[in-house]
Each structure stands twice: as C-alpha cells, then as structure tokens.
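Below, each value reflects all heavy atoms present in this structure, side chains not excepted, and no hydrogens, waters or symmetry copies.
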Amino acid sequence: MTKAERLRLMQEEEERRLKEEEEARLKFEKEEQERLEIQRIEREKWSLLEKKDLERRSQELEELALLEGCFPEAEKQKREMRALAQWKHYTECDGSPDPWVAQEMNTFISLWEEEKNQAFEQVMEKSKLVLSLIEKVKLILLETPTYELDHRTVLQHQGSILRLQELLSLKINVATELLLRQASNLADLDTGNMEKIIKDENVTLYVWANLKKNPRHRSVRFSETQIGFEIPRILATSDVALRLLHTRYDHITPLFPIAITEQKQNPVGAEQVNLEESTEKAVTEEKLFTEEKAANEDEQPKAEQERELNLVQEENKYEAIENTVLQRTSDSEGEDSQTTQLELEMKLLSEAVLAAQLRLVENVVELPEASESYKVDLCHFSPLGGVYHLDVLELPPQCKPVKGWVLVEILQEGLQRFIYPPETTEEPDPDVTFPPIEVTLEIHKSVVFFERPRVVRWDNEGKLWRSDGISSVYYNREDRLLTFNMDTLGPVTLIQDAHVNMPYQSWEMSPCGMNKVLLIVKTVFMELQIYIKENLCMLASVKLRGKGHEFHLKGKWMAPIPFILALKEAGLNIFPAVYSHFYVVINNKVREQLSEETEHHTWSLLMFSGDRAQMLKMQEENDKFSEALREGTEFHSTLYHMMKDFASPVAMERVRHSNCQFIDSVCYMLLSIRVLSYS
C-alpha cells in the first residue's frame, strides 16, 4: 500500500470517528433534552397534584373526622354496656358479689374466711366463683378507660385480687390437710399407701401418702397416668406425703400494671417499683379493713343497721344507673347548653380514645437492666400452662376410731412442708447424699409450645422465676410428658419465648359481609384465622406447621381484650408489648407472601407518610424503592381517600355505614397485633 493510500484511509477513519462523535453528541443532547422535558412535565404534574391535594385536604380531613367520630361513639356505647351489666348483675340476685363494689368483695372474702373444714371438692367448687371474680376484676382494670378509674379504686381492685388469690391458696392447703388426715382410711389394699386424684377444669390434685415406709418403694406413679416422682431412700422411709397440684391459672407471677393512671409514665423498671408499692399499699389497706372489722364484731346490731343502710344506698345507686342508661338512650332533643356540653364531652372522649390507641403502639426507650443469667426475664419469656405446685409434706396425725368416736390430733401450725434436703448446721457427712427428685409432668392440651418448653422454679424469697436447680430435662412431644430433676421441690412453670411467632411472615384482612372481616396472620410456626364481627372476635382456624389443629378456643365469640388474653394463655401470642422491639428483628422492607389462591393477583403498593397517601408505580418484587406515582392516580391526605379512587361505590357505602363497635374492634385488633411494625 502506497503512502497516499494510507493517508486517505487515515482521513476516512478520522472523518468516520468525528461523525460518530457528532452523532453521539447530538443523540445525548436530544436524550438529555427529552429527560429534562420529562422531568419538567413530572414536576409540573407533581406540583399540580400537590396543589390539588392541598385544595381538598381540609375537605378530606373534615370527612375523616366525621368517620373517626365512630371511636368516641363506640366508647360511649361501651360505657353504657358496662352500666347495663352492673344493673343486670344487681337484678339477677345470684348471691355473687359485684366486682365493681369493694364492700361486696370484702364481705364475700370475710364470709369465706369464716368457713372452716371444707373438703377439697367443696373448695374446688367454690374456686370456680373465686376465679371468675378474679377474672372480672382484672377485666375491669383492663377494659375501663383510665380516666374513669381513680388511683384509690385501682388499689382497691388490686387488693381484692391479691386477697382472693391468697385465700384460695390457703383453702387448698387446709383441704389437703383434711384429706391427708384420712390417709389411713383411704389406703390402697395392694400397696398400703394412699393415692388420690381429684380434678376439674381449673385444678388437678395428685396426692400420695407414704404409710408403709417401704424403702424399696421409691417410684411413685399415679394410677392410669405416667405422672409421678422418683424419690430418694430418705423420703421412702419417712412419714411424708407428695403433692402435685396443677392449677391452670397462675397466681404466683407478680401482676404487671394492668391499669395505667394519668400520671407521667416511667421506664419499665420504675413501673415495677411503683407496682410493688401500690400492691403493698393495697394489701395494707385491706389488712386495716380486716382489723377494723374484727374490732367491731361485738357491735352486731349496729353492723346490721349499717348493712341495711348500705343495701338501701346500693339500691339507690343502681336506680340512678338505670335512670342514666334510660336517659342516654332517649331521642329527645335537649337545650342548646346541653348540646354544647355533649359536643365538649365527645371531644374530650375522642382525645382520650386517641391517647389509648397511641399507648397500644408505643415502645419503651430503655430495656430493664439485665440480671443474673438464671433469673427469668418476663419481658422476653412468658409462663404458660399454669403452675405445678410440687411439695413434700409432713404426714399429719391420722384419724383413729375409738369406741364409736373418731379421734384426731389437730396441729396448730397446720400443714407443714418436709424440708428436703434437710437444713443442718453440722458438718456434712460425705457418706450421706441427698440426690435430686425426678418429676414427670403432663402438659395440658390447651397450651401450644412451638419449641421445647423450659422449666423454671419459683424463688419465694426473691419473688421471681429462676432456671437453676433443675437438670436432666427431657420432653416427650407425642405424649406431652416432661421429665426433669429438682434439688428441692417447689412451684414450677413452663416458659416460652413470648416472641417466637414474630415477626410475621404475612397478614391479610378480607371482608365477609357487612360488619364482619376475616383476619389471617401467618408466622413461621402457625397460621391464625380470626373473625371480627361487631364488638366480638372468634378464633376460626389454627394451622400448626401447615396442619389443622383442633383447639378449645375455636368457635367462641369474645370481646377483644378477653380474646387476646385467651390467645396469650394458650401460647398463641401475636401481640407485641412495649419492649418487644428489643427482641424481634424487623425487616426494613415488608414483603407479603402470596398464597396459592392469590398468586395470580397483582398487589398494589400504597405509601402513607403521615400527611400524604399515594399509590406507588413500583412492584412488590422490585429491589429498589421508588416514590414514583402510578399513572392515573393522585395524592390524598389519608389512606381512606386513597382507597376511594379505585374502590367500588358498594364498598365505600359499606364503610360509611359500618357499625362503630365493629370499626373500633378491628382497629383495636390491628393496633394490638401491630401488623405493619412486626411483619
């Protein structure tokens, strides 16, 4: 190739390069102009949408305020329902005390204290009423708004709960002593020892009395069960009795504050201190009341007159309640001053309801200080299945028939525990050992454990649950049997991580007609289906690890608060507490797991920043977040008005005419489960 040809090729290459650069520059400028034009159009469109949103914001907020008026109206109806419940209790005259009236509760407790020598079956029958009263008082503290309960009333109710719990425990011990006095008459013909099983829906008693003191009889198994003990030789040769008392309820774990006063809230540690102080104060007031009653026992005529006067006052009070209820339900128009007063009352009620809703989703800033590793953190774990009271008791003197009479020595100190291992101040003998006692328990079918249950024991001195002193734990999942060794017998319970079902994998809420919805919450271990209808909730279905599970709560309609308590007691806890965010890892991005039935549907993503709602252009599967607005949609001040853009007229008509109690119940359940924060 000649020099001229090479020069010509180089010129052609240079011209081609310059042409390509020019074309690329023109293309870039064109694309940049188009991009800027698109941005300008988007900004103008965004500005127009913002302007339009601001123009109708006041109108939308006014409409939302009208809709939110259902919450104070629902609270007003609940107040009337509570008054009607009091009146209904008064008119029934069934002999049970009114849990709202402290005087009636004190009278009931005092009369039961005076009843002596009740058999165990009688105590169990009476315990049904006592446990019902305890639950009613707890619900009063939970369901009644804080502005309707003063501090003194809260202390009175807490004192009533503590006195009933302590008296029930005392009655059970006395009944056990009466039963053990007759051990020789109830002895088994084969073994010569006494064995007794007594049970109802709340309590199960297993008791064994060592009458023969056979050193070879060291395995105690109650008939037709695998429940029992493996005892050391020293107990097999002693006058002792073994008691396993399983209570489905828990009267040992300290009560947390179940009613928050209007005072400034303190950290969790301070709340526990305040609870202890308030509890001590309540018990002190109740003791003072008891002492005053004992001092006035001699003045019977005066007491009867006062009782009659109290009855008259109670009748007047309930007549006033009835008149109030009738007056509230009347449709007559009041004067202008009454209308103004009603508006003010509804405004204050609305503010109180809003404050109560905010408390459902609040989080504490600091976690309580971590204690020793063996102490159970009740912020992290929750006791389940009730309490198993394990006791080695000293066998009381037996009844002896003499010439048609039955003689029995009654010990003044009552039922005594046998100290094992024995407390001695002498130097320990290396040849004498005190091995642990093996215990086998059966877990009730009404409780669900998603992990292997942990066994903890009660420290009566420290007033806390602790995990030391327990070894060789074995759990038979099929037979629901739990075997472990204990150095010293005492109350034990089973605990589970309170957040084992958090965060949720997905949740869904769908309508099932007027004033009825189905709420589905899926976790790693289970799927819960909950119906909400008007002011009631019902467990519709429970699936454990993908399989259906028959549960005792299915099909029972309950108010939201009792329903939540029942699910927690059953181990189906999907209700975060104020400290749960310290124990649950929450994803920054929430993804809904689509079920097989809904895989073909396209899910729309809505975003609400607190003052603006919009529908996003991005899809659920996108890796990057974008605030780009979907075509054909606009900004709105609330999610409700955002939904109006694509909801059918029939759907919006149902929303506007929904029952206020139904809306309040749905809102309460969503705030309690906190589906947005813990999904």
Say you draw a straight line from [atom1] of [X] to [atom2] of [Y]; how long is it, rounded to the nearest 0.5 Å?
{"X": "Leu415", "Y": "Arg181", "atom1": "CG", "atom2": "CZ", "value": "9.5 Å"}
{"X": "Phe575", "Y": "Met669", "atom1": "CZ", "atom2": "CE", "value": "4.5 Å"}
{"X": "Ser127", "Y": "Glu201", "atom1": "OG", "atom2": "CD", "value": "8.0 Å"}
{"X": "Gln496", "Y": "Asn573", "atom1": "CD", "atom2": "CG", "value": "9.0 Å"}
{"X": "Phe484", "Y": "Thr440", "atom1": "CZ", "atom2": "OG1", "value": "8.0 Å"}
{"X": "Arg457", "Y": "Tyr374", "atom1": "CZ", "atom2": "OH", "value": "9.0 Å"}

Subject >> Donor-acceptor side-chain pairing of Ser580 and His499 below 3.5 angstrom >> reply: yes
Strictly distance-based, threshold 3.5 Å: is any side-chain N or O of [X] a donor or acceptor partner for the main-chain N or O of [Y]?
{"X": "Lys196", "Y": "Leu179", "result": "no"}
{"X": "Asp250", "Y": "Val387", "result": "no"}
{"X": "Glu135", "Y": "Val130", "result": "no"}
{"X": "Ser169", "Y": "Glu166", "result": "no"}
{"X": "Tyr668", "Y": "Ile561", "result": "no"}
{"X": "Glu442", "Y": "Gln226", "result": "no"}
{"X": "Ser665", "Y": "Glu534", "result": "yes"}
{"X": "Glu451", "Y": "Asp497", "result": "no"}
{"X": "Asn485", "Y": "Ser471", "result": "no"}
{"X": "Lys533", "Y": "Met538", "result": "no"}

So do [Y] and [X] actually touch side chain to side chain, heavy atoms under 4.5 Å?
{"X": "Ile673", "Y": "Trp507", "value": "no"}
{"X": "Val207", "Y": "Phe120", "value": "no"}
{"X": "Asp239", "Y": "Lys213", "value": "yes"}
{"X": "Leu395", "Y": "Asn210", "value": "no"}
{"X": "Arg221", "Y": "Trp208", "value": "no"}
{"X": "Asn501", "Y": "Leu528", "value": "no"}

**OP:** Determine, for Glu569 against Arg248, whether the closest basic-nitrogen to carboxylate-oxygen distance falls under 4.0 angstrom.
**Re:** no
Quick check: closest heavy atoms across [X] and [Y], and the distance to 0.1 Å?
{"X": "Thr204", "Y": "Tyr206", "result": "CG2-CE1, 3.3 Å"}
{"X": "Tyr420", "Y": "Pro435", "result": "OH-O, 2.5 Å"}
{"X": "Ala566", "Y": "Met558", "result": "CB-CE, 4.1 Å"}

Original post:
What's the verdict on side chain to side chain donor-acceptor pair (under 3.5 Å) for Tyr583 and Asp377, showing C-alpha distance, side-chain angles and the deciding distance?
Top reply: CA-CA 12 Å; Tyr583 304 100; Asp377 180 9; 2.7 Å; yes
Original post:
With sequence neighbours left out, which residue pairs that include part of residues 382-395 fulfil the salt bridge (charged side-chain N to carboxylate O under 4.0 Å, His left out) condition?
Top reply: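 As it turns out, the salt bridge (charged side-chain N to carboxylate O under 4.0 Å, His left out) pairs with a partner in residues 382-395, which skip direct neighbours, are Arg243-Asp391, Asp391-Arg417.
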**OP:** Take atom CD of Glu413 as the centre, draw a 6.0 Å sphere, and report whether it contains more than 12 heavy atoms from other residues, nucleotides or ligands.
**Re:** yes
**OP:** Using the test ring-ring contact (aromatic ring centres under 6.0 Å, His included), find all partners of Tyr475 that sit at least two apart in sequence or belong to another chain.
**Re:** none
